[in-house]
Amino acid sequence: MHDLIIIGAGTAGISAYNEAIKYTQNILIINDGPWDTTCARVGCMPSKLLISSANRMHDIQTAEELALKHNAVIDTSDVMQRVHVLRERFIRATLKGVDQWDSSHKISGKAKFIDSQTIEVNGQLYLAKSFIVAVGSRPNIDKTLKQQLKEKYITSNEIFELSQLPKYLAVIGSGIIAIELAQAMQRLGVQTTMFARSQKVGALTSPILQKLAQEQFSKELNIKFKTLPDEVEIQANKIKINFTENNQTKSIEVEYVLGATGRQSNIDHLDLDQLNSTFKDIKDLPIDKETKQLANLPIFIVGDAAPDAPIQHEAAHTGKQVVHNCLNYPNVKPIPALTPLAIVFCHPEMAIVGKSFKQLEDQHVEFIRGFVSYENQGRALVLAKNSGGIEVYIDKNSGKLLGAELFCSQAEHLAHLLAWMIDADQDIHQILKKPFYHPTLEEGLRTAFKHARRQFDALSSKS
Ligand SMILES: Cc1cc2nc3c(=O)[nH]c(=O)nc-3n(C[C@H](O)[C@H](O)[C@H](O)COP(=O)(O)OP(=O)(O)OC[C@H]3O[C@@H](n4cnc5c(N)ncnc54)[C@H](O)[C@@H]3O)c2cc1C
Ligand SMILES: NC(=O)c1ccc[n+]([C@@H]2O[C@H](COP(=O)([O-])OP(=O)(O)OC[C@H]3O[C@@H](n4cnc5c(N)ncnc54)[C@H](O)[C@@H]3O)[C@@H](O)[C@H]2O)c1
């Protein structure tokens, strides 16, 4: 009997192994498919490589905004080669660690549960006192479209394998992957049409920032809001997409359709219903949000396999921390939570820190919104990146910073500052006593906080 078996060797599973090995050698890690993680192979890293080339190209093409002229040429096979070369480097760095693990600890194969202490892999049974389930997620696939379009229907699992980019692309979905990839494609010269079933784009929940985002991205991208394809037809090497817009039937021709309609946990392949017949519907699994424990079993679910934040640093953090619940089982404790921080690498970037607007509303929290527009923000104007805005959310009673949503250039850095302020439990007066250098994008944050402070002080003087 092993002390611990980890199922899945992505970011969460690798992090769990590296922590567990400090305490016991009696462990196994099982992985189905490549050992190089979703993040390095088909996730964070190749997408950011593509986005970086796209954004640099956009800066060159819009050089006139800074009174410069430049002729730029894109060869998308060069761009994809750079994606592949650097991706290989990130993959090698991941595999270097995995290769150093004791070979008797690693098994390639698909795990399934037999009972709460037994799994089956490649026809063999393995027993453990506890399990970490870190099996990640996979892209949702529209089965009808896939059947019709075959290899011309791609997802984020296939797009980074292309050796050059198509001239015309349709993207279905307007969430995080859709906006990151659609904008990158458009900026790399691919005429991209986005079909969005709703009016929402990306992750922002603030109505004000959502509206700004919809307007901003509509300038650059052909977004068909509240419109999905009616039917698709393969014609020679092209795909004809028919859709209805303003009660009229229209069509476009593209070379590929990118499905970006969300991801689903791989947990459904683990036969969890062997443990309890009510576990058939994986959407309703009783996973404790704080301890990651499945019901009262010695099974803990982390990373994208779990229904909470499917982002890399959360997978790494929970993968590491949950090891202690496994090794100390049944003495199970809440895993220390990180301040929520999520960034979308479109441009302007989106970020949500701490509690989102929607969470605060849903939880009926009384809060003040401090807003700053970046349309006329000094530094943003200097950089010719003057669009979007930021909202900061302040508790009406304590003045504490609860959360923020950002839609502006370099939001990734501003969001970290805000996350660290929330971590430090800062209130609006403490925050406004901090230095703000001139001229910086951070000065915009100060404007948002001052806007909130005026409202906070007015409320305090009334009470
Ligand atoms: C296009 C894209 C861009 C992204 N960009 C970002 C970003 O910029 N920043 C960010 O924070 N996050 C980003 N993410 C999310 C991030 O990649 C994930 O949150 C993270 O990789 C999840 O890690 P994981 O360990 O849970 O899963 P994974 O890395 O997917 O690992 C799961 C492993 O389990 C294996 N497995 C599955 N079933 C079984 C089984 N039955 N038995 C054994 N093994 C099994 C899988 O094959 C896989 O190797 C992005 C994701 C995508 C798709
Ligand atoms: N920068 C980052 O951190 C980053 C980047 C990429 C992905 N990710 C992670 O990956 C996760 C998945 O991203 P995603 O973009 O796949 O999911 P998402 O939930 O952000 O977006 C899904 C989109 O698909 C649409 N959709 C869903 N079902 C549909 C259907 N049947 N027909 C048409 N449209 C449909 C939704 O309306 C939405 O626009 C994210 O939650 C995120 O955490 C993170």
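Whatever order the structure lists ligands and atoms in, that order sets their numbers, starting from 1.
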> Does ligand 1 have an atom under 4.0 Å from some heavy atom of Val42?
Replying inline: yes
>> Counting only heavy atoms, tell me which of Ala196, Ser174, Pro310, Ala351 gets closest to atom 41 (O) of ligand 2.
In response: Pro310
> Taking all non-hydrogen atoms of both residues, which atom of Ala12 and which atom of Val302 are closest, and how far apart?
Replying inline: CB-CG2, 4.0 Å
>> I'd like to know if Asp268 pairs up with Arg138 as an ion pair, taking the criterion as any Lys NZ or Arg NE/NH1/NH2 lying under 4.0 Å from an Asp or Glu carboxylate oxygen.
In response: yes
> Is the shortest distance from a heavy atom of Gly33 to ligand 1 less than 4.0 Å?
Replying inline: no
> Purely on distance, is any nitrogen or oxygen of Lys110 under 3.5 Å from one on ligand 1?
Replying inline: no
> Would one find an N or O of Phe345, backbone or side chain, under 3.5 Å from an N or O of ligand 1?
Replying inline: no
>> Looking only at protein heavy atoms, which one is nearest to atom 7 (C) of ligand 2, and what is the separation?
In response: Ile177 CG1, 3.4 Å
> Around Lys320, counting heavy atoms of other residues, nucleotides and ligands shown, do more than 12 lie under 6.0 Å from its NZ?
Replying inline: no
> Should one rank Gly109, Cys44, Gly43 by closest heavy-atom distance to atom 16 (C) of ligand 1, which comes out on top?
Replying inline: Cys44
> Which atoms from ligand 2 have a heavy atom of Glu180 less than 4.0 Å away?
Replying inline: 1 (N), 2 (C), 5 (C)
> Any protein heavy atom under 4.0 Å from atom 21 (O) of ligand 2?
Replying inline: yes
>> For His269, state whether at least one heavy atom is located under 4.0 Å from any atom of ligand 1.
In response: no
> Should Ser137 be counted as touching ligand 1, given the test is an N or O pair under 3.5 Å?
Replying inline: no
> Using 30° and 60° as the class limits, which term best fits the ring planes of Phe357 and Tyr393: parallel, tilted or perpendicular?
Replying inline: tilted
>> Would Ala260 count as a contact residue for ligand 2, given that I'm defining contact as a non-hydrogen atom of the residue lying under 4.0 Å from a ligand atom?
In response: yes
> To the nearest 0.1 Å, how far is atom 25 (O) of ligand 1 from its closest protein heavy atom, and which atom is that?
Replying inline: Ala12 N, 2.8 Å
>> Within the structure, is a non-hydrogen atom of Gly319 found at a distance of less than 4.0 Å from ligand 1?
In response: no
> Within 45° of the ring axis of Phe300 and under 6.0 Å from its six-membered ring centre, is that where the NZ or CZ of Lys292 lies?
Replying inline: no
>> In terms of relative ring orientation, are His2 and Tyr126 parallel, tilted or perpendicular, with 30° and 60° separating the classes?
In response: tilted
> So is Lys112 in contact with ligand 1, going by heavy-atom distances below 4.0 Å?
Replying inline: no
>> Less than 4.0 angstrom from a charged side-chain N to a carboxylate O is my criterion; do Lys211 and Glu215 meet it?
In response: yes
